[in-house]
S.K.: 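Sharing a structure, written as structure tokens. Questions coming.
Atoms considered below: every heavy atom in the structure, side chains included; atoms not considered: hydrogens, waters and symmetry mates. Numbering of residues begins at 1 and proceeds along the displayed sequence.
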Amino acid sequence: MTRYLFEYELKSTGFKGEFSWVAETEEQAKAAVHERIADLEFVEMDDVVVGNLLKTLDATNQYYECEGCSS
């Protein structure tokens with residue numbers, strides 16, 4: 001698996017940011033990021049422009065566990 005880091009912009013405000021997603025392909029990651037950004041920013045999907053791929057990282061055998069998630 002690979003972590004894909006994309007830049008994005010909100011058309012309505014001009015806000016720019018970055019968001020990453022772990023997926024098997026860049027296309028899958030880009031689609032998931034588009035949906036997730038719209039959800040997190042409380043905007044419609046057509047307000048989100050997912051831009052260039054900034055970086056990829058190998059996400060194989062890497063996991064993150066939040067404090068208190070496992071008991």
Side-chain angles (χ1 to χ4, degrees):
M1 296 291 264
T2 303
R3 177 171 293 278
Y4 297 90
L5 176 66
F6 296 95
E7 63 183 0
Y8 73 91
E9 181 177 355
L10 301 181
K11 290 190 272 187
S12 61
T13 64
F15 176 81
K16 294 182 181 184
E18 297 176 356
F19 201 88
S20 68
W21 196 265
V22 175
E24 290 185 19
T25 68
E26 181 179 341
E27 292 78 22
Q28 290 173 340
K30 194 168 193 173
V33 161
H34 194 180
E35 244 181 86
R36 188 68 176 138
I37 292 168
D39 185 45
L40 290 173
E41 297 285 354
F42 300 105
V43 297
E44 297 296 323
M45 284 189 53
D46 63 347
D47 192 29
V48 178
V49 177
V50 179
N52 294 324
L53 176 64
L54 300 174
K55 161 173 36 171
T56 59
L57 300 165
D58 181 15
T60 308
N61 297 323
Q62 294 184 12
Y63 65 94
Y64 302 94
E65 187 173 308
C66 66
E67 188 175 320
C69 288
S70 61
S71 302

S.K.: Show every donor-acceptor pair shorter than 3.5 Å between a side-chain atom in residues 34-46 and any protein atom, with sequence neighbours excluded, or say none if there are none.
M.R.:
unit_1: His34; atom_1: NE2; unit_2: Met45; atom_2: O; d: 2.8
unit_1: His34; atom_1: NE2; unit_2: Val48; atom_2: O; d: 3.2
unit_1: Arg36; atom_1: NH1; unit_2: Asp39; atom_2: OD2; d: 3.0
unit_1: Glu41; atom_1: OE2; unit_2: Tyr8; atom_2: OH; d: 2.8

S.K.: Taking side chain as C-beta onward, heavy atoms only, is Val49 less than 4.5 Å from Lys11?
M.R.: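 A side-chain contact exists here, since the closest heavy-atom pair is under 4.5 Å.
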S.K.: Under 4.5 Å side-chain heavy-atom separation, chaining through any Ile, Leu, Val, Met, Phe, Trp or Tyr, what else clusters with Met1? Say none if it is isolated.
M.R.: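 Result for Met1 is Val22.
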S.K.: If you look only at distance, which donor and acceptor atoms sit under 3.5 Å apart when one is on a side chain in residues 50-57 and the other is two or more places apart or in another chain?
M.R.:
unit_1: Asn52; atom_1: ND2; unit_2: Glu7; atom_2: OE2; d: 3.1

S.K.: Compare every heavy atom of Ala23 with every heavy atom of Tyr4, then report the nearest pair and how far apart it is.
M.R.: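 Residues Tyr4 and Ala23, closest heavy atoms: CE1-O, 3.6 Å.
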S.K.: Let's go through Lys30 and Phe6 carefully: what are the C-alpha distance in whole Å and the side-chain angles of both, what is the deciding distance for side chain to side chain contact (heavy atoms under 4.5 Å, CB included) to 0.1 Å, and is it a yes or a no?
M.R.: CA-CA 8 Å; Lys30 194 168 193 173; Phe6 296 95; 3.8 Å; yes
S.K.: Under 3.5 Å, which donor-acceptor pairs link side chains of residues 13-20 to any protein atom two or more places apart or in another chain?
M.R.:
unit_1: Thr13; atom_1: OG1; unit_2: Phe15; atom_2: N; d: 3.2
unit_1: Ser20; atom_1: OG; unit_2: Arg3; atom_2: NH1; d: 2.9

